[in-house]
Peer 1: 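Pasting in a structure now, in C-alpha cells, and then I'll have a few things to ask.
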Amino acid sequence: LVGEPFFAYAAHHYIGQYPSRSGNLHDFGEYLPQFLAEFPPATCLSYLPDMARLEWARHQAFHGAEHPPLALERLAAVPAERYGDIKFVLHPSVRLICSPFPILLIWEVNQPDHRGGEATVHLDSGGGQWRVMRRTLRVEMHALSAGEFALLSGFDGGTPFEPACESALAVEPTLDVTGCLQQLVLAQTVVDFKL
C-alpha cells in the first residue's frame, strides 16, 4: 500500500516507540494501528490504521487456537426459560472489525494474485463490518450486516443471548436472529456457550 521505503521508515519508528515485550515474534504488531493513527507522515492516509487493524486481525485469526464444534446436545438440554441467559462463545480464531473505509476491497486489490476488475478504490464508497476467521490453514473474511455484527460483538463481549439480540435488532429490526444463530453454529463461528 505504501511502498517498501515508507514501510521501513514507519517500522523503524514503531519499533522505537513500541519495543517488543514478548519472546514470541507473533505478538509484535498489536499497536501498529494506534501508531499509524498518530504517525505524522501517515496523516493523509486516513484508511491506513484500519488496514493495519485488518492485517492484525488476519494475523491473530491465523494463529488462533483450534476448537471443536458446538455440542448441540448440550444446547438442546438448556431449559427454554434459560435461553436468554446463554452466553455464546466464538471460535478462538474469530476477529470482528469495522471501518468507515472499504478496507476489504483495498486489501483485495493490493494482493499479488489480484486479477481483473477495478483496481482503483474510492475511499468514500463506504465501509462495513467483517468477520475474520481461520478455516484449516486459510483465513477468510466475510462481510456482516449491522445486526450480525452487533450480535457477534455481543457474544464476543460476553453479553447474554437476550440483550445481544436486543442490540442486534435495534440496529437491524428485520434481522432473522434464529436463522443467523443457526448459520453461526453451522459455520463454527459459535463453538460453545456458558450459563
Side-chain angles (χ1 to χ4, degrees), residues 1 7 10-11 14 18 20-22 24-38 42 45-70 86-111 113-114 121 126-161 163-165 167-168 171-172 175 177 180-194:
L1 282 177
F7 184 81
Y14 175 74
Y18 295 94
S20 177
R21 303 196 186 288
S22 169
N24 185 347
L25 188 59
H26 293 303
D27 294 336
F28 193 47
E30 177 180 4
Y31 301 104
L32 187 60
Q34 177 182 325
F35 166 80
L36 289 171
E38 301 165 354
L45 304 172
S46 53
Y47 61 91
L48 204 57
D50 283 355
M51 291 303 301
R53 287 176 54 233
L54 178 63
E55 287 287 358
W56 185 247
R58 289 180 53 81
H59 173 80
Q60 288 183 305
F62 184 80
H63 293 286
E66 292 291 346
H67 198 288
L70 177 67
I86 294 173
K87 294 183 178 181
F88 286 105
V89 177
L90 303 184
H91 190 280
S93 75
V94 171
R95 298 295 181 272
L96 303 173
I97 188 166
C98 64
S99 174
F101 302 106
I103 56 173
L104 183 56
L105 181 58
I106 295 170
W107 186 88
E108 288 171 345
V109 302
N110 282 280
Q111 295 310 298
D113 59 352
H114 176 71
V121 178
Q129 304 87 211
W130 300 273
R131 178 193 66 203
V132 181
M133 182 179 175
R134 187 196 65 250
R135 294 193 189 283
T136 60
L137 294 177
R138 181 177 173 185
V139 175
E140 299 177 352
M141 299 176 288
H142 294 281
L144 299 170
S145 71
E148 291 169 333
F149 185 80
L151 187 66
L152 281 171
S153 296
F155 293 168
D156 195 37
T159 303
F161 187 53
C165 289
S167 295
V171 296
E172 188 178 336
L175 179 69
V177 175
C180 182
L181 181 60
Q182 289 173 344
Q183 288 301 315
L184 293 172
V185 171
L186 286 173
Q188 295 183 30
T189 303
V190 169
V191 293
D192 204 353
F193 71 90
K194 301 173 184 173

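Residues: numbered from 1 along the sequence shown.
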Peer 1: Parallel, tilted or perpendicular: which describes the rings of His59 and His26, with under 30° parallel and over 60° perpendicular?
Peer 2: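 Ring orientation, 0 to 90° scale: tilted.
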Peer 1: Do Leu90 and Val190 touch side chain to side chain, with heavy atoms closer than 4.5 Å?
Peer 2: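 Touching, per the 4.5 Å side-chain cut-off.
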Peer 1: If the condition is side-chain contact (heavy atoms from CB on, under 4.5 Å), which residues does Leu1 pass it with, not counting sequence neighbours?
Peer 2: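 Partners of Leu1 under the side-chain contact (heavy atoms from CB on, under 4.5 Å) test: Tyr47, Leu48, Met51, Ile106, Asn110.
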Peer 1: Run the side chain to side chain contact (heavy atoms under 4.5 Å, CB included) check on Leu152 and Leu184 step by step: do they pass?
Peer 2: CA-CA 9 Å; Leu152 281 171; Leu184 293 172; 3.9 Å; yes
Peer 1: Between Leu96 and Ser153, what is the shortest heavy-atom contact and its length?
Peer 2: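 Closest pair (atom of Leu96, atom of Ser153, distance): CD1-N, 3.6 Å.
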Peer 1: Residues in salt bridge (charged side-chain N to carboxylate O under 4.0 Å, His left out) with Arg58, at least two apart?
Peer 2: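 Here no residue qualifies.
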Peer 1: So, for Leu175 and Ala168, which heavy atoms are closest and what is the spacing to 0.1 Å?
Peer 2: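 What the structure gives for the nearest pair is CD2-CB, 3.8 Å.
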Peer 1: Partners of Ser22 by side-chain hydrogen bond (donor to acceptor under 3.5 Å, both in side chains), sequence neighbours excluded?
Peer 2: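 Result, side-chain hydrogen bond (donor to acceptor under 3.5 Å, both in side chains) vs Ser22: Asp27.
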Peer 1: Taking C-beta and beyond as the side chain, do Val177 and Phe161 meet within less than 4.5 Å on heavy atoms?
Peer 2: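 Side chain of Val177 against side chain of Phe161, heavy atoms only: contact under 4.5 Å found.
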Peer 1: Looking at every heavy atom in both Ala57 and Val132, which two are closest together, and how far apart are they?
Peer 2: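 Smallest interatomic distance, heavy atoms only, reads O-CG1, 3.8 Å.
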Peer 1: Testing the 3.5 Å rule here: is there a donor-acceptor pair between the side chains of Thr189 and Arg131?
Peer 2: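 Side chains of Thr189 and Arg131: pair found under 3.5 Å.
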Peer 1: Tell me the closest heavy-atom pair linking Ala61 and Arg95, and the distance in Å.
Peer 2: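 Taking every non-hydrogen atom into account, N-CG, 4.4 Å.
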Peer 1: For the CD1 atom of Ile103 and the CG atom of Leu54, what is their distance to the nearest 0.5 Å?
Peer 2: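 CG of Leu54 is found 4.5 Å from CD1 of Ile103.
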Peer 1: Please enumerate all residues that pass ring pair (Phe, Tyr, Trp, His ring centres under 6.0 Å) together with Phe155, with sequence neighbours excluded.
Peer 2: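 Scan of Phe155 (ring pair (Phe, Tyr, Trp, His ring centres under 6.0 Å), adjacent residues dropped) gives Phe88.
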Peer 1: Between CD of Gln60 and OG of Ser93, what distance do you get to the nearest 0.5 Å?
Peer 2: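 Taking CD in Gln60 and OG in Ser93, the distance rounds to 10.5 Å.
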Peer 1: Can you find a pair of side-chain heavy atoms, one from Cys165 and one from Leu181, that are under 4.5 Å apart?
Peer 2: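 The answer is no; the side chains never approach within 4.5 Å.
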Peer 1: Using ring pair (Phe, Tyr, Trp, His ring centres under 6.0 Å) as the criterion, list what pairs up with Tyr18, not counting sequence neighbours.
Peer 2: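 Ring pair (Phe, Tyr, Trp, His ring centres under 6.0 Å) list for Tyr18, sorted by chain: Tyr14, Tyr31.
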Peer 1: In chain order, what residues pass the side-chain hydrogen bond (donor to acceptor under 3.5 Å, both in side chains) check against Glu66, with sequence neighbours excluded?
Peer 2: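 Glu66: side-chain hydrogen bond (donor to acceptor under 3.5 Å, both in side chains) contacts with Arg134.
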Peer 1: Give me the atom names and distance for the closest heavy-atom approach of Pro92 to Ala65.
Peer 2: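 Answer, listing the atom of Pro92 first, then Ala65: CB-O, 3.5 Å.
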Peer 1: State which residues pass salt bridge (charged side-chain N to carboxylate O under 4.0 Å, His left out) with Glu38; sequence neighbours excluded, sorted by chain then number.
Peer 2: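 In terms of salt bridge (charged side-chain N to carboxylate O under 4.0 Å, His left out), with neighbours along the sequence ignored, Glu38 is linked to no residue.
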Peer 1: The criterion is side-chain contact (heavy atoms from CB on, under 4.5 Å); which residues satisfy it with Thr159, sequence neighbours excluded?
Peer 2: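 Testing Thr159 for side-chain contact (heavy atoms from CB on, under 4.5 Å), a comparison that skips the adjacent residues, returns Pro163, Ala164.
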Peer 1: Please identify each residue that fulfils ring pair (Phe, Tyr, Trp, His ring centres under 6.0 Å) with Phe62, with sequence neighbours left out.
Peer 2: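 Partners of Phe62 by the ring pair (Phe, Tyr, Trp, His ring centres under 6.0 Å) criterion come out as none, since no residue qualifies.
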Peer 1: Locate the shortest heavy-atom distance separating Ala42 from Leu36; write the atom from each residue and the value.
Peer 2: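 The answer is CB-O, 3.9 Å.
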Peer 1: Apply side-chain hydrogen bond (donor to acceptor under 3.5 Å, both in side chains) to Asp192 and list each qualifying residue two or more places apart in sequence or on a separate chain.
Peer 2: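 Applying side-chain hydrogen bond (donor to acceptor under 3.5 Å, both in side chains) to Asp192 gives Arg74.
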Peer 1: Can you give me every donor-acceptor pair (side chain of residues 139-151, partner residue at least two apart or in another chain, under 3.5 Å) with its distance?
Peer 2:
{"from": "Glu140", "atom 1": "OE1", "to": "Arg135", "atom 2": "NE", "distance (Å)": "2.9"}
{"from": "Glu140", "atom 1": "OE1", "to": "His142", "atom 2": "NE2", "distance (Å)": "3.2"}
{"from": "Ser145", "atom 1": "OG", "to": "Glu148", "atom 2": "N", "distance (Å)": "3.2"}
{"from": "Ser145", "atom 1": "OG", "to": "Glu148", "atom 2": "OE1", "distance (Å)": "3.4"}
{"from": "Ser145", "atom 1": "OG", "to": "Glu172", "atom 2": "OE1", "distance (Å)": "2.6"}
{"from": "Glu148", "atom 1": "OE1", "to": "Ser145", "atom 2": "N", "distance (Å)": "2.8"}

Peer 1: Suppose we screen for side-chain hydrogen bond (donor to acceptor under 3.5 Å, both in side chains). Which residues come up paired with Glu55, at least two apart in sequence or across chains?
Peer 2: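 Glu55: side-chain hydrogen bond (donor to acceptor under 3.5 Å, both in side chains) contacts with Trp107.
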Peer 1: Walk me through it: do Phe193 and Leu70 pass the test side chain to side chain contact (heavy atoms under 4.5 Å, CB included)?
Peer 2: CA-CA 8 Å; Phe193 71 90; Leu70 177 67; 3.7 Å; yes
